[in-house]
Amino acid sequence: MNKAAKISPPGTAWEVGAIFLRLGLTSFGGPIAHLGYFRREFVQRRRWLDEEHFAQLLALCQFLPGPASSQLGFSIGLLRAGWAGALAAFVGFTLPSALLLFAFAEFSGQLAGPWGQAVVHGLKLVAVAVVAQGVLGMARSLCPDPPRALLAVLAAALMLFSALPAMQWLVVAGGAALGPLICRQVVARQGETFALTYGSRSGAVLLLAYGVLLVAALVLPPLLPPLGQMAGAFYRTGALVFGGGHVVLPLLKHAIVDPGWVSPDTFLTGYGAAQAVPGPMFTLSSFLGKQMYGGQGGAAGALVGVLSIFLPGLLAVSGTLPFWRALAARDRAARMLAGVNAAVVGLLAAAFYDPVWVSAVADAGDFAIAAVGFVGLVAVQWPAWAVVIWCVGASLARHALA
(Lines give C-alpha, C1' and ligand atoms only; values in the text may rest on other atoms or scores of the structure.)
Protein backbone atom coordinates (compact mmCIF):
# COMPACT_ATOMS: atom_id res chain seq x y z
CA MET A 1 0.00 0.00 0.00
CA ASN A 2 1.35 3.37 -1.01
CA LYS A 3 2.02 5.74 1.79
CA ALA A 4 1.54 9.45 1.41
CA ALA A 5 4.45 11.71 0.61
CA LYS A 6 6.00 13.18 3.70
CA ILE A 7 3.07 15.38 4.55
CA SER A 8 1.79 15.66 8.10
CA PRO A 9 -1.68 14.19 8.79
CA PRO A 10 -4.58 15.76 6.85
CA GLY A 11 -5.86 19.08 8.11
CA THR A 12 -9.00 21.13 7.59
CA ALA A 13 -9.96 23.78 5.10
CA TRP A 14 -10.20 26.30 7.96
CA GLU A 15 -6.62 25.56 8.97
CA VAL A 16 -5.40 25.91 5.38
CA GLY A 17 -7.42 29.07 4.78
CA ALA A 18 -6.15 30.77 7.94
CA ILE A 19 -2.49 30.10 7.09
CA PHE A 20 -2.86 31.18 3.47
CA LEU A 21 -4.77 34.29 4.52
CA ARG A 22 -1.82 35.29 6.69
CA LEU A 23 0.51 34.61 3.77
CA GLY A 24 -1.78 36.62 1.50
CA LEU A 25 -1.48 39.54 3.91
CA THR A 26 2.30 39.35 4.42
CA SER A 27 3.89 37.74 1.31
CA PHE A 28 5.45 40.80 -0.25
CA GLY A 29 7.99 40.61 -3.03
CA GLY A 30 6.26 39.03 -6.02
CA PRO A 31 5.96 35.50 -7.39
CA ILE A 32 9.57 34.42 -6.91
CA ALA A 33 9.56 35.59 -3.29
CA HIS A 34 6.35 33.61 -2.69
CA LEU A 35 8.22 30.38 -3.34
CA GLY A 36 10.56 31.30 -0.52
CA TYR A 37 7.65 32.10 1.80
CA PHE A 38 5.94 28.78 0.97
CA ARG A 39 9.10 26.76 1.46
CA ARG A 40 9.71 28.44 4.81
CA GLU A 41 6.11 27.92 5.98
CA PHE A 42 5.26 24.45 4.70
CA VAL A 43 8.62 22.65 4.48
CA GLN A 44 10.71 24.13 7.26
CA ARG A 45 8.15 25.28 9.82
CA ARG A 46 5.06 23.07 9.52
CA ARG A 47 6.56 20.11 7.62
CA TRP A 48 3.45 19.57 5.53
CA LEU A 49 5.87 18.63 2.72
CA ASP A 50 9.44 17.44 2.63
CA GLU A 51 11.99 19.22 0.44
CA GLU A 52 11.81 16.67 -2.35
CA HIS A 53 8.05 16.75 -2.77
CA PHE A 54 7.92 20.52 -2.47
CA ALA A 55 10.43 20.60 -5.33
CA GLN A 56 8.29 18.16 -7.34
CA LEU A 57 5.24 20.39 -6.98
CA LEU A 58 7.31 23.44 -7.85
CA ALA A 59 8.71 21.75 -10.95
CA LEU A 60 5.19 20.83 -12.10
CA CYS A 61 3.95 24.39 -11.59
CA GLN A 62 6.95 25.77 -13.49
CA PHE A 63 6.12 23.47 -16.42
CA LEU A 64 2.47 24.47 -16.68
CA PRO A 65 0.89 27.71 -17.90
CA GLY A 66 -0.42 30.02 -15.22
CA PRO A 67 0.79 31.70 -12.01
CA ALA A 68 3.30 29.25 -10.52
CA SER A 69 3.11 30.48 -6.93
CA SER A 70 -0.71 30.41 -6.87
CA GLN A 71 -0.73 26.96 -8.46
CA LEU A 72 1.76 25.78 -5.86
CA GLY A 73 -0.36 27.15 -3.01
CA PHE A 74 -3.51 25.63 -4.52
CA SER A 75 -1.75 22.25 -4.77
CA ILE A 76 -0.51 22.38 -1.18
CA GLY A 77 -4.05 23.13 0.00
CA LEU A 78 -5.36 20.27 -2.16
CA LEU A 79 -2.92 17.79 -0.64
CA ARG A 80 -3.60 19.00 2.88
CA ALA A 81 -7.40 19.16 2.92
CA GLY A 82 -8.83 18.12 -0.45
CA TRP A 83 -10.81 20.38 -2.76
CA ALA A 84 -12.07 22.50 0.13
CA GLY A 85 -8.46 23.04 1.22
CA ALA A 86 -7.44 23.97 -2.34
CA LEU A 87 -10.24 26.55 -2.55
CA ALA A 88 -9.39 27.89 0.90
CA ALA A 89 -5.72 28.23 -0.07
CA PHE A 90 -6.62 30.11 -3.25
CA VAL A 91 -9.09 32.47 -1.58
CA GLY A 92 -6.87 33.14 1.42
CA PHE A 93 -3.79 33.87 -0.66
CA THR A 94 -5.55 35.87 -3.38
CA LEU A 95 -8.26 37.89 -1.63
CA PRO A 96 -6.09 40.44 0.25
CA SER A 97 -4.17 41.67 -2.79
CA ALA A 98 -7.27 41.56 -5.00
CA LEU A 99 -9.13 43.80 -2.53
CA LEU A 100 -6.15 46.13 -2.11
CA LEU A 101 -5.75 46.59 -5.85
CA PHE A 102 -9.49 47.13 -6.26
CA ALA A 103 -9.30 49.82 -3.58
CA PHE A 104 -6.25 51.31 -5.29
CA ALA A 105 -8.23 51.52 -8.54
CA GLU A 106 -10.97 53.32 -6.63
CA PHE A 107 -8.68 55.82 -4.91
CA SER A 108 -5.54 55.82 -7.05
CA GLY A 109 -5.64 59.56 -7.57
CA GLN A 110 -5.10 60.14 -3.83
CA LEU A 111 -2.26 57.67 -3.16
CA ALA A 112 0.77 59.29 -4.76
CA GLY A 113 3.74 61.14 -3.28
CA PRO A 114 7.34 60.62 -2.15
CA TRP A 115 6.41 58.88 1.12
CA GLY A 116 4.36 56.34 -0.78
CA GLN A 117 7.28 55.72 -3.12
CA ALA A 118 9.53 55.16 -0.09
CA VAL A 119 7.15 52.48 1.17
CA VAL A 120 7.11 50.80 -2.25
CA HIS A 121 10.89 50.87 -2.35
CA GLY A 122 11.10 49.27 1.10
CA LEU A 123 8.85 46.46 -0.09
CA LYS A 124 11.18 45.85 -3.03
CA LEU A 125 14.05 45.47 -0.55
CA VAL A 126 11.95 42.89 1.30
CA ALA A 127 11.89 40.92 -1.94
CA VAL A 128 15.69 41.07 -2.17
CA ALA A 129 16.10 39.51 1.28
CA VAL A 130 13.41 36.86 0.83
CA VAL A 131 14.46 35.77 -2.66
CA ALA A 132 18.13 35.59 -1.61
CA GLN A 133 17.18 33.29 1.25
CA GLY A 134 15.07 31.13 -1.07
CA VAL A 135 17.84 30.81 -3.67
CA LEU A 136 20.38 29.86 -1.00
CA GLY A 137 18.14 27.25 0.65
CA MET A 138 17.02 25.63 -2.60
CA ALA A 139 20.55 25.60 -4.04
CA ARG A 140 21.80 23.69 -1.00
CA SER A 141 19.13 21.01 -1.29
CA LEU A 142 18.54 20.79 -5.05
CA CYS A 143 22.09 21.28 -6.39
CA PRO A 144 24.13 18.99 -4.10
CA ASP A 145 26.70 17.96 -6.72
CA PRO A 146 28.81 19.74 -9.40
CA PRO A 147 26.73 18.63 -12.44
CA ARG A 148 23.50 20.03 -11.02
CA ALA A 149 25.25 23.18 -9.78
CA LEU A 150 26.63 23.71 -13.31
CA LEU A 151 23.16 23.17 -14.78
CA ALA A 152 21.76 25.83 -12.43
CA VAL A 153 24.50 28.27 -13.48
CA LEU A 154 23.80 27.62 -17.16
CA ALA A 155 20.06 28.09 -16.62
CA ALA A 156 20.67 31.41 -14.88
CA ALA A 157 22.99 32.58 -17.66
CA LEU A 158 20.47 31.70 -20.36
CA MET A 159 17.73 33.59 -18.55
CA LEU A 160 19.90 36.66 -18.04
CA PHE A 161 21.37 36.87 -21.54
CA SER A 162 18.44 35.78 -23.71
CA ALA A 163 15.50 37.93 -24.71
CA LEU A 164 13.35 35.03 -25.95
CA PRO A 165 9.90 35.18 -24.28
CA ALA A 166 9.78 31.38 -24.10
CA MET A 167 13.26 30.99 -22.57
CA GLN A 168 11.92 30.13 -19.09
CA TRP A 169 9.96 27.19 -20.47
CA LEU A 170 12.91 26.15 -22.66
CA VAL A 171 15.25 26.19 -19.65
CA VAL A 172 12.90 23.99 -17.64
CA ALA A 173 12.49 21.63 -20.60
CA GLY A 174 16.29 21.54 -21.01
CA GLY A 175 16.67 20.60 -17.36
CA ALA A 176 14.26 17.71 -17.91
CA ALA A 177 16.18 16.55 -20.99
CA LEU A 178 19.57 16.69 -19.26
CA GLY A 179 18.41 15.20 -15.96
CA PRO A 180 18.68 11.52 -17.02
CA LEU A 181 22.24 12.16 -18.25
CA ILE A 182 23.66 14.09 -15.29
CA CYS A 183 21.59 12.69 -12.39
CA ARG A 184 22.15 8.94 -12.80
CA GLN A 185 22.59 8.54 -9.05
CA VAL A 186 19.03 9.76 -8.41
CA VAL A 187 16.37 7.07 -7.91
CA ALA A 188 12.64 7.35 -7.37
CA ARG A 189 11.32 6.93 -3.85
CA GLN A 190 9.28 3.80 -4.34
CA GLY A 191 6.00 3.51 -2.49
CA GLU A 192 5.64 7.25 -1.84
CA THR A 193 3.14 9.36 -3.71
CA PHE A 194 0.99 12.44 -3.40
CA ALA A 195 -2.20 11.64 -1.47
CA LEU A 196 -4.90 12.85 -3.88
CA THR A 197 -8.62 12.32 -3.39
CA TYR A 198 -9.25 11.82 -7.13
CA GLY A 199 -7.67 9.88 -9.97
CA SER A 200 -6.61 10.10 -13.60
CA ARG A 201 -10.18 10.09 -14.95
CA SER A 202 -11.04 13.25 -13.03
CA GLY A 203 -7.69 14.70 -14.04
CA ALA A 204 -8.52 14.11 -17.71
CA VAL A 205 -11.89 15.87 -17.28
CA LEU A 206 -10.17 18.88 -15.72
CA LEU A 207 -7.65 19.08 -18.56
CA LEU A 208 -10.48 18.79 -21.09
CA ALA A 209 -12.27 21.68 -19.38
CA TYR A 210 -9.06 23.74 -19.62
CA GLY A 211 -8.87 23.10 -23.37
CA VAL A 212 -12.57 23.65 -24.12
CA LEU A 213 -12.61 26.95 -22.25
CA LEU A 214 -9.45 28.07 -24.05
CA VAL A 215 -11.04 27.37 -27.44
CA ALA A 216 -14.15 29.27 -26.31
CA ALA A 217 -12.00 32.20 -25.13
CA LEU A 218 -10.27 32.33 -28.51
CA VAL A 219 -13.38 31.99 -30.67
CA LEU A 220 -16.44 33.39 -28.87
CA PRO A 221 -15.53 36.87 -27.46
CA PRO A 222 -16.67 38.87 -30.53
CA LEU A 223 -20.15 37.40 -30.03
CA LEU A 224 -20.28 38.16 -26.29
CA PRO A 225 -21.25 41.24 -24.22
CA PRO A 226 -18.44 43.35 -22.68
CA LEU A 227 -18.05 41.21 -19.54
CA GLY A 228 -17.83 38.07 -21.65
CA GLN A 229 -15.18 39.65 -23.89
CA MET A 230 -13.24 40.64 -20.78
CA ALA A 231 -13.48 37.11 -19.37
CA GLY A 232 -12.17 35.70 -22.65
CA ALA A 233 -9.22 38.10 -22.71
CA PHE A 234 -8.18 37.30 -19.13
CA TYR A 235 -8.69 33.55 -19.61
CA ARG A 236 -6.53 33.54 -22.77
CA THR A 237 -3.81 35.37 -20.88
CA GLY A 238 -3.85 32.98 -17.93
CA ALA A 239 -3.99 29.92 -20.20
CA LEU A 240 -1.06 30.87 -22.43
CA VAL A 241 1.47 32.46 -20.08
CA PHE A 242 4.34 30.21 -18.97
CA GLY A 243 6.22 31.24 -15.86
CA GLY A 244 3.62 33.63 -14.48
CA GLY A 245 4.65 36.71 -12.58
CA HIS A 246 6.23 39.41 -14.69
CA VAL A 247 5.86 37.27 -17.82
CA VAL A 248 2.12 38.00 -17.80
CA LEU A 249 2.59 41.72 -18.43
CA PRO A 250 3.18 41.71 -22.20
CA LEU A 251 0.27 39.30 -22.67
CA LEU A 252 -2.00 41.47 -20.53
CA LYS A 253 -0.94 44.55 -22.44
CA HIS A 254 -1.81 42.85 -25.71
CA ALA A 255 -5.15 41.59 -24.38
CA ILE A 256 -6.29 44.66 -22.43
CA VAL A 257 -4.40 47.77 -23.57
CA ASP A 258 -4.13 47.20 -27.32
CA PRO A 259 -7.95 46.94 -27.79
CA GLY A 260 -8.29 50.26 -25.94
CA TRP A 261 -10.08 48.88 -22.88
CA VAL A 262 -7.47 50.37 -20.49
CA SER A 263 -5.04 53.19 -21.24
CA PRO A 264 -1.27 52.57 -21.20
CA ASP A 265 -0.85 55.01 -18.28
CA THR A 266 -3.53 53.25 -16.23
CA PHE A 267 -1.95 49.88 -17.01
CA LEU A 268 1.48 51.01 -15.80
CA THR A 269 -0.04 52.56 -12.67
CA GLY A 270 -1.65 49.24 -11.82
CA TYR A 271 1.58 47.38 -12.45
CA GLY A 272 3.39 49.68 -10.03
CA ALA A 273 0.72 49.13 -7.40
CA ALA A 274 0.95 45.35 -7.86
CA GLN A 275 4.59 45.52 -6.75
CA ALA A 276 3.57 47.11 -3.46
CA VAL A 277 0.93 44.63 -2.31
CA PRO A 278 1.37 41.11 -0.93
CA GLY A 279 0.06 38.06 -2.70
CA PRO A 280 0.06 37.01 -6.37
CA MET A 281 0.85 39.48 -9.14
CA PHE A 282 -2.04 38.08 -11.20
CA THR A 283 -4.37 40.06 -8.92
CA LEU A 284 -3.38 43.00 -11.12
CA SER A 285 -6.46 41.70 -12.96
CA SER A 286 -8.60 43.11 -10.14
CA PHE A 287 -7.26 46.61 -10.81
CA LEU A 288 -7.58 46.23 -14.58
CA GLY A 289 -11.08 44.75 -14.37
CA LYS A 290 -12.24 47.71 -12.27
CA GLN A 291 -10.62 50.21 -14.68
CA MET A 292 -12.07 48.66 -17.82
CA TYR A 293 -13.92 50.98 -20.16
CA GLY A 294 -12.78 54.17 -18.44
CA GLY A 295 -13.29 52.87 -14.92
CA GLN A 296 -16.75 51.45 -15.58
CA GLY A 297 -15.83 47.82 -14.95
CA GLY A 298 -16.70 48.09 -11.27
CA ALA A 299 -16.74 45.20 -8.82
CA ALA A 300 -18.14 42.84 -11.47
CA GLY A 301 -15.22 43.61 -13.77
CA ALA A 302 -12.71 43.05 -10.98
CA LEU A 303 -14.28 39.72 -10.02
CA VAL A 304 -14.48 38.50 -13.61
CA GLY A 305 -10.86 39.53 -14.21
CA VAL A 306 -9.53 37.69 -11.15
CA LEU A 307 -11.51 34.47 -11.68
CA SER A 308 -10.84 34.34 -15.42
CA ILE A 309 -7.08 34.81 -15.24
CA PHE A 310 -6.55 32.30 -12.41
CA LEU A 311 -8.97 29.58 -13.58
CA PRO A 312 -6.89 28.06 -16.41
CA GLY A 313 -3.77 27.64 -14.27
CA LEU A 314 -5.74 25.96 -11.49
CA LEU A 315 -7.47 23.62 -13.96
CA ALA A 316 -4.10 22.76 -15.51
CA VAL A 317 -2.33 21.90 -12.26
CA SER A 318 -5.19 19.94 -10.71
CA GLY A 319 -5.73 18.05 -13.96
CA THR A 320 -2.06 17.17 -14.32
CA LEU A 321 -1.38 16.12 -10.71
CA PRO A 322 -2.77 12.53 -11.00
CA PHE A 323 -0.54 11.82 -14.00
CA TRP A 324 2.46 13.57 -12.46
CA ARG A 325 2.05 11.41 -9.37
CA ALA A 326 2.44 8.24 -11.46
CA LEU A 327 5.41 9.56 -13.43
CA ALA A 328 7.25 10.67 -10.30
CA ALA A 329 7.50 7.03 -9.11
CA ARG A 330 9.80 6.10 -12.05
CA ASP A 331 13.59 6.44 -11.95
CA ARG A 332 13.80 8.21 -15.29
CA ALA A 333 11.12 10.66 -14.24
CA ALA A 334 12.91 11.22 -10.92
CA ARG A 335 16.10 12.07 -12.82
CA MET A 336 14.21 14.39 -15.12
CA LEU A 337 12.76 16.09 -12.04
CA ALA A 338 16.23 16.42 -10.53
CA GLY A 339 17.36 18.20 -13.69
CA VAL A 340 14.27 20.40 -13.66
CA ASN A 341 14.84 21.27 -10.01
CA ALA A 342 18.42 22.33 -10.73
CA ALA A 343 17.19 24.44 -13.65
CA VAL A 344 14.57 26.03 -11.37
CA VAL A 345 17.34 27.08 -8.99
CA GLY A 346 18.94 28.83 -11.95
CA LEU A 347 15.64 30.53 -12.79
CA LEU A 348 15.33 31.75 -9.22
CA ALA A 349 18.91 33.03 -9.26
CA ALA A 350 18.33 34.91 -12.52
CA ALA A 351 15.10 36.41 -11.19
CA PHE A 352 16.93 37.42 -8.03
CA TYR A 353 19.23 39.57 -10.14
CA ASP A 354 16.62 40.81 -12.63
CA PRO A 355 14.07 42.09 -11.77
CA VAL A 356 14.43 41.82 -7.97
CA TRP A 357 17.95 43.21 -7.41
CA VAL A 358 18.01 45.54 -10.41
CA SER A 359 14.73 47.22 -9.50
CA ALA A 360 15.42 47.51 -5.75
CA VAL A 361 19.12 48.05 -4.95
CA ALA A 362 20.25 51.44 -6.19
CA ASP A 363 23.09 52.24 -3.77
CA ALA A 364 25.05 51.06 -0.74
CA GLY A 365 22.26 52.08 1.63
CA ASP A 366 19.76 49.84 -0.16
CA PHE A 367 22.28 47.00 -0.10
CA ALA A 368 22.77 47.41 3.65
CA ILE A 369 19.01 47.38 4.35
CA ALA A 370 18.48 44.22 2.27
CA ALA A 371 21.57 42.56 3.77
CA VAL A 372 20.27 43.07 7.31
CA GLY A 373 16.94 41.57 6.27
CA PHE A 374 18.70 38.59 4.69
CA VAL A 375 20.84 37.97 7.78
CA GLY A 376 17.74 38.30 9.93
CA LEU A 377 15.99 35.59 7.92
CA VAL A 378 18.92 33.19 7.65
CA ALA A 379 20.81 33.61 10.91
CA VAL A 380 18.25 35.02 13.35
CA GLN A 381 15.13 33.32 11.91
CA TRP A 382 13.11 36.52 11.70
CA PRO A 383 9.48 36.05 10.61
CA ALA A 384 8.55 37.59 7.29
CA TRP A 385 6.60 40.43 8.87
CA ALA A 386 9.68 41.51 10.83
CA VAL A 387 11.62 41.81 7.57
CA VAL A 388 8.78 43.89 6.10
CA ILE A 389 8.81 46.22 9.11
CA TRP A 390 12.61 46.55 8.98
CA CYS A 391 12.92 47.23 5.25
CA VAL A 392 9.97 49.60 4.98
CA GLY A 393 10.93 51.43 8.18
CA ALA A 394 14.53 51.83 7.04
CA SER A 395 13.41 53.06 3.62
CA LEU A 396 11.13 55.66 5.22
CA ALA A 397 13.93 56.74 7.54
CA ARG A 398 16.29 57.24 4.58
CA HIS A 399 13.65 59.35 2.84
CA ALA A 400 13.14 61.46 5.98
CA LEU A 401 16.89 62.10 6.26
CA ALA A 402 17.43 62.83 2.57
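Residue numbers count from 1 along this sequence. FYI, side chains are in, hydrogens and waters are out, and symmetry mates aren't considered; it's all heavy atoms of this structure.
Considering only heavy atoms from C-beta on, W390 comes within 4.5 Å of W382 through its side chain. Side-chain contact between P67 and M281 is absent, with no heavy atoms from C-beta onward closer than 4.5 Å. In this structure the side chain of R40 reaches within 4.5 angstrom of the side chain of L377, judged on heavy atoms. Annotation: side chain of L218 is in contact with side chain of L214 (closest heavy-atom distance under 4.5 Å). You'll find the side chain of L142 stays beyond 4.5 Å of the side chain of V344, heavy atoms only. Looking at L206 and Y198, their side chains come closer than 4.5 Å, going by heavy atoms from C-beta outward. Counting heavy atoms from C-beta on, the side chains of E15 and T12 come closer than 4.5 Å. At a threshold of 4.5 Å between non-hydrogen side-chain atoms, the residues H121 and V392 do not count as touching.
Distance alone, capped at 3.5 Å, places no donor-acceptor pair between the Y210 side chain and the V205 backbone. At distances below 3.5 Å, at least one donor-acceptor pair connects side-chain atoms of R236 with backbone N or O atoms of A217. Checking side-chain atoms of S75 against main-chain N and O of Q71 turns up a donor-acceptor pair under 3.5 Å.
If you take CD on Q133 and CZ on R39, they are separated by 7.0 Å, rounding to the nearest 0.5 Å. Distance check, rounded to the nearest 0.5 Å: CG of L347 to CZ of F352 gives 15.0 Å. Taking CG from L170 and CE from M159, the interatomic distance works out to 9.5 Å, rounded to the nearest 0.5 Å. Atom CG of D145 sits about 6.5 Å away from atom SG of C183, to the nearest 0.5 Å. Note: L150 CG to I182 CD1 = 7.5 Å, rounded to the nearest 0.5 Å. With rounding to the nearest 0.5 Å, the separation of CE in M292 from CH2 in W261 is 5.5 Å.
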Just distance, no hydrogens or angles: give the donor-acceptor pairs under 3.5 Å from side chains in residues 17-25, sequence neighbours left out.
| unit_1 | atom_1 | unit_2 | atom_2 | d |
| --- | --- | --- | --- | --- |
| R22 | NH2 | E41 | OE1 | 3.1 |
| R22 | NH2 | E41 | OE2 | 2.8 |

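In plain terms, the two heavy atoms of Q291 and A105 that are nearest each other are NE2-O, 3.7 Å. Closest approach of A81 and V16 over heavy atoms only: CB-CG2, 4.1 Å. Minimum heavy-atom separation, R332 to P180: NH1-CB, 3.7 Å. Residue L35 comes nearest to F54 through the heavy atom pair O-CZ, 3.7 Å, listed as atom of the first residue, atom of the second, then distance. When every heavy atom of A68 is checked against every heavy atom of C61, the shortest pair comes out as O-CB, 3.8 Å. Of all heavy-atom pairs between V306 and A98, the closest is CG2-CB, 4.3 Å.
Remark: W83 CH2 is packed, more than 12 non-hydrogen atoms of other residues, nucleotides or ligands lying under 6.0 Å away.
Partners of S69 under the side chain to side chain donor-acceptor pair (under 3.5 Å) rule, at least two apart in sequence or in another chain, are H34. Residues forming a side chain to side chain donor-acceptor pair (under 3.5 Å) with S263 (at least two apart in sequence, or on another chain): T266. Residues passing the ring-ring contact (aromatic ring centres under 6.0 Å, His included) test with F310, sequence neighbours excluded: F90, F282. Not counting sequence neighbours, the partners of L160 by the side-chain contact (heavy atoms from CB on, under 4.5 Å) test are A350, Y353, D354. Every residue meeting the side chain to side chain donor-acceptor pair (under 3.5 Å) condition with T283, not counting sequence neighbours, appears here in chain and number order: S97.
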> Run the side-chain contact (heavy atoms from CB on, under 4.5 Å) check on Y235 and I309 step by step: do they pass?
Replying inline: CA-CA 5 Å; Y235 188 92; I309 202 170; over 6 Å; no
>> Would L58 and F38 count as a side-chain contact (heavy atoms from CB on, under 4.5 Å) here? Give the steps.
In response: CA-CA 10 Å; L58 176 56; F38 286 179; over 6 Å; no
> Stepwise, does the side-chain contact (heavy atoms from CB on, under 4.5 Å) test hold for V304 with F234?
Replying inline: CA-CA 8 Å; V304 167; F234 280 113; 5.5 Å; no
>> Assess the residue pair L79 and L57 against the criterion (side-chain contact (heavy atoms from CB on, under 4.5 Å)); give the C-alpha distance rounded to whole Å, side-chain angles, the decisive distance to 0.1 Å, and a yes or no.
In response: CA-CA 11 Å; L79 294 173; L57 283 179; 3.7 Å; yes
>> K124 vs D366, test: salt bridge (Lys or Arg N to Asp or Glu O under 4.0 Å). Steps then yes/no.
In response: CA-CA 10 Å; K124 291 181 178 180; D366 288 339; over 6 Å; no
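Ring-centre distance between F287 and F104: below the 6.0 Å cut-off.
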